[in-house]
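A short write-up of the structure that comes next.
Numbered from 1 within each chain, the chains take letters A, B, ... in sequence-line order.
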There are 2 protein chains.
Amino acid sequence: MYRIGVMAARCGLKADTLRFYEKSGLLVPSSRNEAGYRLYNAADEAKLNFILRAKSVGFSLEEIAELLSIRLESAEHSCAEPKLITDMKLQQVEAKIKELEIFRSSLQKLSDSCCGGSESASHCSILEALDASDKEALC
Amino acid sequence: MYRIGVMAARCGLKADTLRFYEKSGLLVPSSRNEAGYRLYNAADEAKLNFILRAKSVGFSLEEIAELLSIRLESAEHSCAEPKLITDMKLQQVEAKIKELEIFRSSLQKLSDSCCGGSESASHCSILEALDASDKEALC
DNA sequence: CTTGACCTTGGAGTTAGGTCTAAGCTTTAG
DNA sequence: CTAAAGCTTAGACCTAACTCCAAGGTCAAG
């Protein structure tokens, strides 16, 4: 049984974060000592590791809460549920990547067009492109 | 000279957003009428279009404020400055894309491993991978 | 026995970019 | 003239995931 500081250190988090996870309903420590100190056991640590792994693949805390509730009573849930959550997240991630790739190509074009020298910015092609009324300049 | 509602409609924004941009120092309308109503002229509109184009390539409002201040006194700034801002943003965007691509491949792997059927989630490979103590399962 | 490290709680603050509300003027259409 | 639509302000609220703070209780070392 670890106290909050030890548990946090073991998992590379701050104690504050563990309290936040508890308040969010993600991870309630299995017991408290007489003084009210939180006590985490091995199952709590396994659950926290689940949370951290889910975070590492991009799930939000809300999605992780869903996955945890399925995990807790897995017999009463179907395989379709975790898969749906995963596929929805995958779609979100792909949409975000597409958006950023457009940013990237526009920024690359802006950067390439600019000399970047010590001359006055009066005719800077970056500023001109952002001023241009024709959208061509940006895409 | 447009009042705030007209200006907002012309540019596809809400009046609230224009007030927010003013409070942020991005776009202060060039005048006010006797009643204190904001009045935007053509130069204000051009500046707002600059802001919107800069947003469309991914710049934050803070970065846009920097670009605007360079634009305002371009003779006193060098071409290197807009280019630096652009290149820094480009790096940020590329870093974010890399992070999301890792999420994507992990999520794809999770999704592919799961039958997604109506069977009990007791042996769901998504939950198992997130539980696994070997990190291999996720990367 | 004291000092310092660690723990508790409730609640506020952070970032970014808005969005909304309330109370009260102004303007415009009929 | 009146009612509706539009404008003003200050300030609260929103999301997400923490992060910090204050006031006070607990515990281990010397």
All pairs passing salt bridge (Lys or Arg N to Asp or Glu O under 4.0 Å) where residues 33-48 of chain A contributes a residue, at least two apart
A:Arg10-A:Glu45, A:Glu22-A:Arg38
Output every pair passing salt bridge (Lys or Arg N to Asp or Glu O under 4.0 Å) with a member in residues 57-71 of chain A, not counting sequence neighbours, ordered by first then second residue.
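For residues 57-71 of chain A: A:Glu63-A:Lys89, A:Arg71-B:Asp131.
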[X] side chain to [Y] main-chain N or O, any donor-acceptor pair under 3.5 Å?
| X | Y | value |
| --- | --- | --- |
| A:Thr17 | A:Leu13 | no |
| A:Arg53 | B:Leu130 | yes |
| B:Gln91 | B:Met88 | no |

Base, sugar-phosphate or nothing for A:Arg19? Non-hydrogen atoms, less than 4.0 Å.
base
Give the rounded distance in Å between these two atoms: [atom1] of [X] and [atom2] of [N].
| X | N | atom1 | atom2 | value |
| --- | --- | --- | --- | --- |
| B:Ile51 | C:dA16 | CD1 | P | 17 Å |
| A:Leu18 | D:dA17 | CG | P | 16 Å |
| A:Leu39 | D:dC27 | CG | P | 11 Å |
| A:Arg32 | C:dT9 | CZ | P | 4 Å |
| A:Ile4 | D:dT26 | CD1 | C1' | 15 Å |
| A:Ile64 | D:dC18 | CD1 | P | 9 Å |

Give a yes/no answer on whether the side chain of B:Arg38 brings an N or O atom under 4.0 Å of OP1 or OP2 in D:dT8.
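Checking B:Arg38 against D:dT8: at least one side-chain N or O falls below 4.0 Å of OP1 or OP2.
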As a quick check of understanding, evaluate side-chain contact (heavy atoms from CB on, under 4.5 Å) for B:Phe20 and B:Leu18, giving each step before the final call.
CA-CA 5 Å; B:Phe20 173 72; B:Leu18 288 178; over 6 Å; no
Base-contact (B) and sugar-phosphate-only (S) positions in nucleotides 17-30 of chain C, heavy-atom cut-off under 4.0 Å, - elsewhere:
BBBB-----BS---
